[in-house]
There are 4 protein chains.
Amino acid sequence: MIELKGRGGRPRSEQAREAVLHAVDDLLLEVGYAALTMKGIAMRAGVGRQTVYRWWSTKAEVLFEACVDDAEEELAVAPTRTPLAEITSYLDALVRFLAHSPAGAGYRALLAAAQHDPAVKQLIATKDVLSASASAVLNRVDPARPADDQAIARLIGPAFFWIMSGRDPAQLDTHELARSFLQDLGSEVP
Amino acid sequence: MIELKGRGGRPRSEQAREAVLHAVDDLLLEVGYAALTMKGIAMRAGVGRQTVYRWWSTKAEVLFEACVDDAEEELAVAPTRTPLAEITSYLDALVRFLAHSPAGAGYRALLAAAQHDPAVKQLIATKDVLSASASAVLNRVDPARPADDQAIARLIGPAFFWIMSGRDPAQLDTHELARSFLQDLGSEVP
Amino acid sequence: MIELKGRGGRPRSEQAREAVLHAVDDLLLEVGYAALTMKGIAMRAGVGRQTVYRWWSTKAEVLFEACVDDAEEELAVAPTRTPLAEITSYLDALVRFLAHSPAGAGYRALLAAAQHDPAVKQLIATKDVLSASASAVLNRVDPARPADDQAIARLIGPAFFWIMSGRDPAQLDTHELARSFLQDLGSEVP
Amino acid sequence: MIELKGRGGRPRSEQAREAVLHAVDDLLLEVGYAALTMKGIAMRAGVGRQTVYRWWSTKAEVLFEACVDDAEEELAVAPTRTPLAEITSYLDALVRFLAHSPAGAGYRALLAAAQHDPAVKQLIATKDVLSASASAVLNRVDPARPADDQAIARLIGPAFFWIMSGRDPAQLDTHELARSFLQDLGSEVP
DNA sequence: AGCTAAGCGAGACGGTACGTCGTGTCTTATT
DNA sequence: AATAAGACACGACGTACCGTCTCGCTTAGCT
């Protein structure tokens with residue numbers, strides 16, 4: 001037996017929960033993260049403000065829950081024949097996610113907020129979708145060598161910096177990035 | 001001569017300007033970027049609110065002016081004998097700047113804000129201290145090959161991602177990063 | 001016989017009813033009428049909110065039911081030998097009730113609320129404890145002359161105004177008030 | 001020299017002050033005291049909420065300032081030839097004020113609130129318009145005998161109770177009240 | 001004994017006012 | 001003309017209470 005929580009009381013409304021998450025998705029695109037407010041979310045969702053505060057403490061938490069699932073899905077790439085194709089395909093997905101996806105916009109906003117808000121830092125640390133996706137790809141490319149953080153940073157870093165520093169995603173040569181990453185991988189200190 | 005501005009009137013107070021910039025520096029460390037406000041800056045600086053608005057439009061502009069000079073200085077590394085030492089030294093400076101320097105905290109906050117504020121994006125684009133410093137190092141290491149954005153991203157990216165994603169700066173192996181970067185440099189497609 | 005209500009169903013809980021009335025009594029003294037809330041009453045009584053709303057529409061109704069019985073009792077004075085003693089004794093009880101009794105505090109609050117809430121006005125009109133008590137005394141003092149509203153107002157008014165306008169009840173000379181009231185009574189236009 | 005306050009700063013807006021006071025007057029009649037809110041006052045006045053809170057702490061304070069002047073004016077009666085006419089005229093004005101005047105509605109609301117709010121009690125004690133007006137009449141009727149609180153209570157009390165307890169003002173015989181009051185006055189203990 | 005129905009505690013729901021704070025603008029007197 | 005001071009209209013903050021609703025659980029009278 002597990003379900004021991006709250007014996008009485010009206011159960012949480014799944015409808016309200018979804019309305020809030022959809023409202024956050026919509027508003028992020030329409031007004032941006034800075035103009036995203038708890039009040040605005042509640043109004044857009046047709047929900048009382050207390051209902052939002054009851055389940056989420058900050059707009060960052062709502063946004064995190066709203067886009068973490070999409071993020072995982074968008075960063076998963078299909079297996080390919082060669083490591084080069086696999087890495088290139090992953091980097092393309094990464095750039096697409098960070099630069100164009102709604103979920104990516106949410107992720108960038110959260111990562112930005114985490115730079116000056118320890119609570120958000122801790123929040124996004126609970127599910128590090130970027131590292132996890134890179135780790136999955138690396139483990140598939142070279143199952144013998146377990147993916148470490150340093151390798152993940154070398155894989156993700158250049159594209160990540162490219163997007164975060166505001167450069168044009170179309171100008172990034174992901175194929176060259178993948179080639180150079182794999183060369184390092186095959187030539188590390190013996 | 002030079003002073004061609006408004007014919008009459010009181011000149012701008014240099015004292016007020018410096019008080020504002022120092023106030024921003026102090027407050028960023030004390031309360032963080034999110035809690036940084038124009039009102040708070042003015043109060044801390046002992047300056048009228050209008051005086052802040054007269055010379056800067058947003059808190060981002062004040063912060064930018066307050067930390068861009070420090071940033072340039074901290075990211076300049078002394079020339080070294082070998083490329084490997086030079087690159088390693090630069091990456092160390094980069095990590096130190098992003099992870100520990102007050103100016104770096106300001107830069108991170110601005111770059112974060114730029115993710116959802118086009119005005120801030122444009123602002124920090126006017127003086128890309130990170131790319132400029134990397135460019136300087138690259139040109140010194142290999143004067144024959146002019147530094148391009150892709151190489152800059154490969155150099156800065158991994159360390160940048162490491163810090164921005166909240167990893168411990170002490171765990172980053174900059175020497176290994178430098179080695180792998182230089183290997184790519186020497187082996188690019190002929 | 002008589003019990004024609006709903007054929008089935010759980011009967012009303014007398015325990016809950018009393019808990020609510022006691023809670024209102026307690027809270028009125030502790031936090032005052034303004035801070036008295038339906039939610040607070042339910043919590044203090046250890047009762048569901050709906051249970052309060054099921055039997056009373058407003059906090060005024062609960063309070064009325066909670067203090068009307070006490071009020072009647074406190075305003076009833078024992079017969080005395082002389083009219084003067086009787087009237088004085090009644091005025092003393094009136095002042096004691098209005099100024100010091102918990103039930104009187106409830107009555108003052110309700111009468112105050114009635115000034116801007118027609119529903120409360122109608123509510124307290126259903127059982128005018130003040131006038132009724134005065135009427136009883138007057139009828140005993142002079143059975144020949146039925147107590148009219150004007151006489152009741154002359155009897156109650158001065159003390160009522162004294163308390164309602166915040167004056168010190170100890171400074172009121174009820175004996176003098178009684179003497180002057182009786183003089184009027186005996187000298188009205190023939 | 002007196003005007004030493006605040007050397008700098010924008011002066012208080014008289015326009016905003018009047019807009020707020022008029023808004024309170026209007027809203028009291030339209031929605032009643034219970035539904036009167038600081039937010040509503042600010043909106044109706046076309047004024048920021050902070051502006052209201054800057055100068056008044058509670059809706060009671062705003063209302064007090066809004067109706068105290070009207071109250072004083074409405075309770076001042078013109079001198080008459082006979083004491084009976086004077087007293088009757090005053091009682092008529094008193095009833096008219098309490099039962100029909102907007103300012104009187106405000107006064108009743110405040111006096112009601114004072115029953116359970118010490119701050120309001122203290123507030124209305126700073127300018128006791130009812131007692132002051134009665135005092136003025138009594139001093140004119142019998143300059144030899146200075147008006148005491150007990151006499152004031154006997155004069156005001158009956159009419160006050162009549163209105164506060166919700167009776168029909170038209171049914172009150174002020175002439176009889178005045179006659180009986182004057183009889184007491186002339187026959188007090190020697 | 002089983003069924004039906006209303007009351008019960010609990011607590012989430014959509015709303016709205018609270019009093020505070022920061023926004024960017026404005027209006028003073030002073031320098 | 002720039003300054004320090006501070007009032008202005010505006011609107012988001014997070015909290016509290018409103019009155020309603022939906023749960024699972026009594027607790028009775030009526031088959």
Side-chain angles (χ1 to χ4, degrees), chain A residues 6-13 15-17 19 35-43 45-55 57-59, chain B residues 5-13 15-16 35-43 45-55 57-59, chain C residues 3 5-13 15-17 35-43 45-55 57-59, chain D residues 6-13 15-17 19 35-43 45-55 57-59:
Chain A
R7 298 202 283 98
R10 182 178 181 173
R12 176 172 183 183
S13 162
Q15 183 181 331
R17 178 180 163 273
L36 195 63
T37 65
M38 291 294 259
K39 183 179 186 178
I41 292 167
M43 283 173 55
V47 141
R49 295 168 64 184
Q50 187 80 69
T51 298
V52 183
Y53 282 108
R54 184 152 30 227
W55 305 109
S57 294
T58 62
K59 63 178 179 177
Chain B
K5 307 183 176 178
R7 300 200 277 98
R10 181 180 182 174
R12 175 174 185 183
S13 161
Q15 182 181 332
L36 195 65
T37 65
M38 293 294 261
K39 184 180 186 181
I41 293 168
M43 282 173 52
V47 142
R49 226 126 64 84
Q50 189 70 215
T51 300
V52 182
Y53 281 108
R54 185 155 24 233
W55 304 110
S57 296
T58 62
K59 63 176 180 177
Chain C
E3 190 63 45
K5 308 184 178 178
R7 301 203 276 98
R10 183 179 181 173
R12 175 175 185 182
S13 161
Q15 182 181 332
R17 178 181 165 273
L36 196 63
T37 66
M38 291 295 258
K39 183 181 186 178
I41 293 167
M43 282 172 53
V47 141
R49 238 144 35 101
Q50 190 71 212
T51 299
V52 182
Y53 281 108
R54 184 151 31 226
W55 305 111
S57 295
T58 63
K59 63 176 178 178
Chain D
R7 298 204 282 97
R10 182 179 182 173
R12 175 173 184 182
S13 162
Q15 183 181 331
R17 178 182 165 273
L36 196 63
T37 66
M38 292 295 259
K39 182 179 187 180
I41 293 168
M43 283 174 53
V47 142
R49 296 167 63 183
Q50 187 80 71
T51 298
V52 183
Y53 281 109
R54 188 156 22 233
W55 304 110
S57 295
T58 62
K59 61 178 180 178

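Per chain, numbering begins at 1; letters A, B, ... match sequence-line order.
- Rounded to whole Å, atom P of F/dA4 lies 15 Å from atom OH of B/Tyr53.
- Whole-Å rounding puts the A/Ile41 CD1 to F/dA12 P distance at 12 Å.
- Note on A/Thr37: every side-chain N or O is 4.0 Å or more away from OP1 and OP2 of F/dA12.
- Across all strands shown, B/Gly46 has heavy atoms under 4.0 Å from sugar-phosphate atoms exclusively, and none from any base.
- In this structure, CZ of C/Arg12 is placed 22 Å from P of E/dA5, rounded to the nearest angstrom.
- At F/dG11, none of the side-chain N or O atoms of D/Arg49 fall inside 4.0 Å of OP1 or OP2 (strictly under the cut-off).
- Two residues are said to be in side-chain contact when any heavy atoms from C-beta on lie closer than 4.5 Å; A/Thr51 and A/Arg54 meet this criterion.
- Proximity of D/Trp55 to the phosphate of F/dG6: no side-chain N or O atom is located under 4.0 Å from OP1 or OP2.
- Rounded to whole angstrom, the span from the CE atom of B/Met38 across to the P atom of F/dC10 amounts to 22 Å.
- Dashed line: the shortest gap from a side-chain N or O of A/Thr51 to OP1 or OP2 of E/dG14 is under 4.0 Å.
- When the nearest nucleotides of DNA chain F are assigned to D/Ala45 and A/Leu36 by heavy-atom distance, the more 5′-ward of the two goes with D/Ala45.
- With rounding to whole Å, A/Gln50 atom CD is found 10 Å from E/dA12 atom C1'.
- The cationic atom of B/Arg12 (NZ for Lys, CZ for Arg) lies less than 6.0 Å from the six-membered ring centre of B/Trp55 and within 45° of the ring axis.
- The side chain of D/Arg10 lies closest to E/dT27 when the candidates are E/dT27, F/dT3, E/dC8.
- The side chain of B/Arg54 lies closest to F/dA2 when the candidates are E/dG14, F/dA4, F/dA2.
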